[in-house]
Peer 1: 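Handing you a structure now.
We count residues from 1, following the sequence as given. Small disclaimer: the values here were computed from a predicted structure and weren't measured.
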Amino acid sequence: MGDPFHARLDGMTATRPPDEPLVGRFIRLTPFSEADVPALERALRRPEVFAGGFGGGPAGLPVDARAFDAFARATWSGGSAAMPWTVRLEGGPDGGTVVGATKLGDLDLPNESAHIGWTAYDPRVWGTAVNPEAKLLLLGLAFDHGFGRVKLQADARNDRSRAAIVKLGAQFEGIARRHKPRADGSWRDSAVYSVIVDDWPSVRAGLEQRLAARRGESVRLDVSPAG
């Protein structure tokens, strides 16, 4: 008899996507570069960005540009199992402006799974088309390259991020207790969600519908988001 494990590996469909820009109607995702760090510092080194749990929570806020540079290089590092992205606005008067970063990480080709996380945005684009389009582009990239499951997670205490994940259409899987330490030394419980390939058609339709409602509008940094 053949080896069923290796037979499954031979039949796996997941492949690592190419490191190429992903362009939507509202944003452009470009492979993270160290040259992006100064712009990311201007967008993200703010107390409100770290308040909900990003970067280990409030105590993880880098104290200055040098500390942010080290933080950014560690957070959005690449490699064979990680694809970090810088988020830029596309079109409109603020087109090209860096407004955040994210990563498609924990790429596990044999198990056809990945994780979208390490995500932070300039507060001026919260509640806009930026996050739904980023998720549409990254989920599409994963499922188009044979992945079957994409995980998303947040600090269990971060109600804003958890609500945003649910709004995407991801399914709640449970709480990973004492999952990892926060920057202040306390232990974080993580709320874990996922989108699997069977969910993708409905999730994609929901995201496309949300973005279609904003058709003709570009994201502008001088306009408060609708929420």
Peer 1: Is there a continuous path of hydrophobic side-chain contacts, each under 4.5 Å between heavy atoms, that joins L207 to V197?
Peer 2: yes
Peer 1: In Å and rounded to the nearest 0.5 Å, what is the CZ to OG distance from R157 to S190?
Peer 2: 11.0 Å
Peer 1: side-chain contact (heavy atoms from CB on, under 4.5 Å) for F32 and L40? Distances and angles first, verdict last.
Peer 2: CA-CA 10 Å; F32 170 78; L40 284 169; 3.7 Å; yes
Peer 1: Can you tell if the side chain of V203 reaches within under 4.5 Å of the side chain of Q171, non-hydrogen atoms only?
Peer 2: no
Peer 1: If you define the side chain from C-beta out and look only at heavy atoms, does anything of P93 sit under 4.5 Å from R220?
Peer 2: yes
Peer 1: Under a single-linkage definition using a 4.5 Å side-chain heavy-atom cutoff for Ile, Leu, Val, Met, Phe, Trp and Tyr, are V192 and V195 assigned to the same hydrophobic cluster?
Peer 2: no
Peer 1: Enumerate the residue pairs fulfilling side chain to side chain donor-acceptor pair (under 3.5 Å) with a member in residues 194-208, sequence neighbours excluded, ordered by first and then second residue.
Peer 2: E173-S194
Peer 1: Testing the basics here: between P132 and R210, what is the closest heavy-atom pair and its distance to 0.1 Å?
Peer 2: CG-NH2, 3.7 Å
Peer 1: Got a sec, which residues hit side chain to side chain contact (heavy atoms under 4.5 Å, CB included) with A129, two or more places apart in sequence or on another chain?
Peer 2: F26, L211, R214, V219
Peer 1: For D19, which residues count as a salt bridge (Lys or Arg N to Asp or Glu O under 4.0 Å) partner, sequence neighbours excluded?
Peer 2: R16
Peer 1: Going by the rule side chain to side chain contact (heavy atoms under 4.5 Å, CB included), which residues pair with R160 if we only count those two or more places apart in sequence or in a different chain?
Peer 2: W126, N158
Peer 1: Do side-chain atoms of E112 reach the backbone of T13 as a donor and acceptor pair under 3.5 angstrom?
Peer 2: yes
Peer 1: Partners of L61 by side chain to side chain contact (heavy atoms under 4.5 Å, CB included), sequence neighbours excluded?
Peer 2: R45, P47, F50
Peer 1: If every non-hydrogen atom of S161 is compared with every non-hydrogen atom of A154, which pair is closest and at what distance?
Peer 2: CB-CB, 4.0 Å
Peer 1: According to a 4.5 Å side-chain heavy-atom criterion applied to Ile, Leu, Val, Met, Phe, Trp and Tyr, with indirect links allowed, do V166 and Y121 form part of one hydrophobic cluster?
Peer 2: yes
Peer 1: What pairs meet the salt bridge (Lys or Arg N to Asp or Glu O under 4.0 Å) rule with one or both residues in residues 180-192, with sequence neighbours excluded?
Peer 2: D155-R182
Peer 1: Provide the closest heavy-atom pair for A183 versus G55 in the form atom of the first, atom of the second, distance.
Peer 2: CB-O, 4.2 Å
Peer 1: Say you draw a straight line from CZ of R162 to CD of Q153; how long is it, rounded to the nearest 0.5 Å?
Peer 2: 11.5 Å
Peer 1: For the residue pair L107 and M83, establish whether any side-chain heavy-atom pair is separated by less than 4.5 Å.
Peer 2: yes
Peer 1: Give me the atom names and distance for the closest heavy-atom approach of G78 to P84.
Peer 2: CA-CD, 3.8 Å
Peer 1: Could you list the residues that satisfy side-chain hydrogen bond (donor to acceptor under 3.5 Å, both in side chains) with D159, not counting sequence neighbours?
Peer 2: none
Peer 1: Counting only N and O atoms by type, is there a donor-acceptor contact under 3.5 Å from the side chain of E133 to the main-chain atoms of I27?
Peer 2: yes
Peer 1: Per the side chain to side chain donor-acceptor pair (under 3.5 Å) rule, what does the pair list look like for residues 51-74, sequence neighbours excluded?
Peer 2: E34-R73, D69-R73
Peer 1: What is the minimum heavy-atom distance between G92 and S218, and which atoms define it?
Peer 2: CA-OG, 3.5 Å
Peer 1: Do you know the tightest heavy-atom contact between K135 and L168?
Peer 2: CG-CD1, 3.5 Å
Peer 1: Restricting to pairs with a member in residues 144-182, which pass ring-ring contact (aromatic ring centres under 6.0 Å, His included), not counting sequence neighbours?
Peer 2: F172-Y193
Peer 1: So do L152 and T119 actually touch side chain to side chain, heavy atoms under 4.5 Å?
Peer 2: no
Peer 1: Does any part of the side chain of V37, heavy atoms only, come nearer than 4.5 Å to the side chain of W76, both counted from C-beta?
Peer 2: no
Peer 1: Side-chain contact, heavy-atom cut-off 4.5 Å: L109 with T15?
Peer 2: no
Peer 1: Could you pull out all residues at least two apart from T97 that satisfy side-chain hydrogen bond (donor to acceptor under 3.5 Å, both in side chains)?
Peer 2: none
Peer 1: Once side chain to side chain contact (heavy atoms under 4.5 Å, CB included) is applied, do any residues pair with D144, and if so which ones, sequence neighbours excluded?
Peer 2: none
Peer 1: State whether D122 and R46 are salt-bridged, where the test is any N-O pair (Lys NZ or Arg NE/NH1/NH2 against Asp/Glu carboxylate O) under 4.0 Å.
Peer 2: yes
Peer 1: Within the structure provided, determine whether V87 and L29 are in side-chain contact (heavy-atom separation under 4.5 Å).
Peer 2: yes
Peer 1: Filter on salt bridge (Lys or Arg N to Asp or Glu O under 4.0 Å), then keep only pairs touching residues 86-95, sequence neighbours left out; what's left?
Peer 2: R28-E90, D36-R88
Peer 1: List the steps, then state whether side-chain contact (heavy atoms from CB on, under 4.5 Å) holds for L138 with T102.
Peer 2: CA-CA 10 Å; L138 291 177; T102 188; 3.7 Å; yes
Peer 1: In sequence, state the C-alpha distance, the side-chain angles, and the governing distance for L137 and W85, and then conclude on side-chain contact (heavy atoms from CB on, under 4.5 Å).
Peer 2: CA-CA 11 Å; L137 292 171; W85 306 87; over 6 Å; no
Peer 1: Are L89 and L221 close enough that some pair of their side-chain heavy atoms sits under 4.5 Å apart?
Peer 2: yes
